[in-house]
There are 2 protein chains.
Amino acid sequence: MARSNTLQYMILGLLTRQDMTGYDIKQTFDKEKAEFWTAPFSQIYPELNRLLKKDLIQLLPTIQESRKKTYQLTTTGRSIFNEWIKQPLSPEITTLDNDNFVLRLHFLGKEHADILQKLLKKRQQTLKVEIAQLELELAEVVSHPEQYGRELIIRKELANKKSDLKLWKKELLK
Amino acid sequence: MARSNTLQYMILGLLTRQDMTGYDIKQTFDKEKAEFWTAPFSQIYPELNRLLKKDLIQLLPTIQESRKKTYQLTTTGRSIFNEWIKQPLSPEITTLDNDNFVLRLHFLGKEHADILQKLLKKRQQTLKVEIAQLELELAEVVSHPEQYGRELIIRKELANKKSDLKLWKKELLK
DNA sequence: CCATCCATGTAAGGAGTTACATGATTGG
DNA sequence: CCAATCATGTAACTCCTTACATGGATGG
């Protein structure tokens with residue numbers, strides 16, 4: 001049934017950077033959300049408790065200061081996250097949609113140059129297919145003036161994807 | 001509580017083009033989905049029954065041919081849809097996010113040139129704000145090599161939004 | 001006759017939103 | 001003292017996905 005657990009990996013990813021409270025996590029989300037995503041407290045706190053139960057995170061022993069709860073990755077949590085980030089790179093997964101791409105990319109630093117390279121290459125492949133598809137749709141829609149808005153969407157998407165392709169190409173040459 | 005009912009308006013919008021069965025609606029979704037969205041049968045059929053109950057659509061009297069059900073907009077349904085499509089243009093709504101923009105745009109033809117113009121102008125406003133925001137984030141992130149992936153996302157988003165802005169500007173000059 | 005497409009649904013559960021509830025701490 | 005921010009949660013509801021179930025029509 002419905003599963004993908006993106007929030008789980010987002011939280012684990014944030015905790016690789018540093019130990020945090022649920023409140024901190026929400027702050028980080030809000031600060032970085034413009035790029036792709038956010039989550040409210042009512043999703044974050046229950047998720048943290050689920051991650052605790054699964055032993056992917058643990059509470060930092062706190063110095064009786066407040067009801068603040070600081071979380072830390074367990075070694076299991078860290079390895080689960082590391083597997084996840086590399087997962088779309090496996091040969092049997094041939095396409096890498098924008099959301100998955102962006103979510104992985106978000107947690108890669110200069111030190112992950114090897115993973116980054118493979119990720120960009122895979123994304124390029126998908127982009128090429130998507131661009132070809134959109135070109136076909138565009139050719140079809142131009143003869144329908146009553147779908148002019150849709151034509152504009154297709155033009156916009158094409159421009160965006162071509163721009164992405166160019167950007168990743170440039171990046172790989174560096 | 002959670003409300004926005006995008007699927008409702010998507011279906012109403014498709015039915016403005018022509019009368020359709022649930023199956024047809026799904027086909028159209030699949031054909032046009034690349035641009036932004038899709039929905040499975042298990043969402044479409046229940047939604048059609050809800051729309052029936054709300055008298056926004058009605059069954060076409062069918063000639064006892066099969067269990068096929070062809071739906072048609074009611075006058076209420078048509079006016080609800082027409083209100084919805086113009087809704088983000090009201091002065092009290094100041095921002096027009098990409099999803100809302102694209103969904104409305106999808107149903108505008110050459111004959112809606114006036115609405116289209118206003119929609120593009122409003123979207124330009126939002127884009128300018130978003131671009132300014134991203135420029136700030138970019139300036140901040142460049143000093144963090146461990147967030148290099150995030151930097152790439154920001155660069156990509158900036159390029160996309162700037163490209164959009166240029167496209168709508170060109171479109172408005174026509 | 002058999003596979004594919006046409007055609008309509010239900011069930012179960014996860015994902016995400018909005019509203020509600022509570023209380024401590026900090027700065028002006 | 002009062003507002004804003006810090007801090008953690010529950011409840012209710014809608015949205016969305018995956019799996020399951022059923023059967024007719026069409027074409028090779």
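Bear in mind the structure is a predicted one, so any value in this text is a computation, not a measurement. Residue numbering restarts at 1 for every chain, and letters A, B, ... go by the order of the sequence lines.
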Any idea which of dT17(D), dC6(D), dG9(C) is nearest the R67(A) side chain?
dC6(D)

Kindly point out which of dA7(D), dG9(D), dA7(C) is positioned nearest to the side chain of K68(A)?
dA7(D)

E32(A) bridged to R150(B) by N-O distance under 4.0 Å:
yes

Where the side chain of N49(A) is defined as all heavy atoms beyond and including C-beta, which of dA15(C), dA7(D), dG9(D) is the nearest nucleotide?
dG9(D)

5′-ward residue of the pair T21(A)/T38(B) relative to DNA chain D:
T21(A)

Which listed nucleotide (dG16(C), dG9(D), dC6(D)) is nearest to the side chain of Y23(A)?
dC6(D)

For dG9(C), does OP1 or OP2 lie under 4.0 Å from any side-chain N or O of K69(B)?
yes

Using heavy atoms to find the nearest nucleotide of DNA chain C for P40(A) and Q27(B) separately, return the residue whose nucleotide is more 5′.
Q27(B)

base_contact_polar (dT18(C) base, S42(A) side chain, donor-acceptor, <3.5 Å):
yes

Just checking, is any N or O donor in the side chain of K156(B) or N160(B) under 3.5 Å from an acceptor N or O on the other one?
yes

State which of dG16(C), dG9(C), dA7(D) makes the closest approach to the side chain of W37(A).
dG16(C)

Sidechain-backbone polar pair: R78(A) side chain, L12(A) backbone, donor-acceptor under 3.5 Å
no

Side-chain contact check for Y45(B): nearest option of dC5(C), dA7(D), dG9(C) is dG9(C)

Verify whether the ring centers belonging to H106(A) and F36(A) lie closer than 6.0 Å.
yes

Side chain of F41(A) (C-beta onward), nearest among dT8(D), dT17(D), dA15(C)
dT8(D)

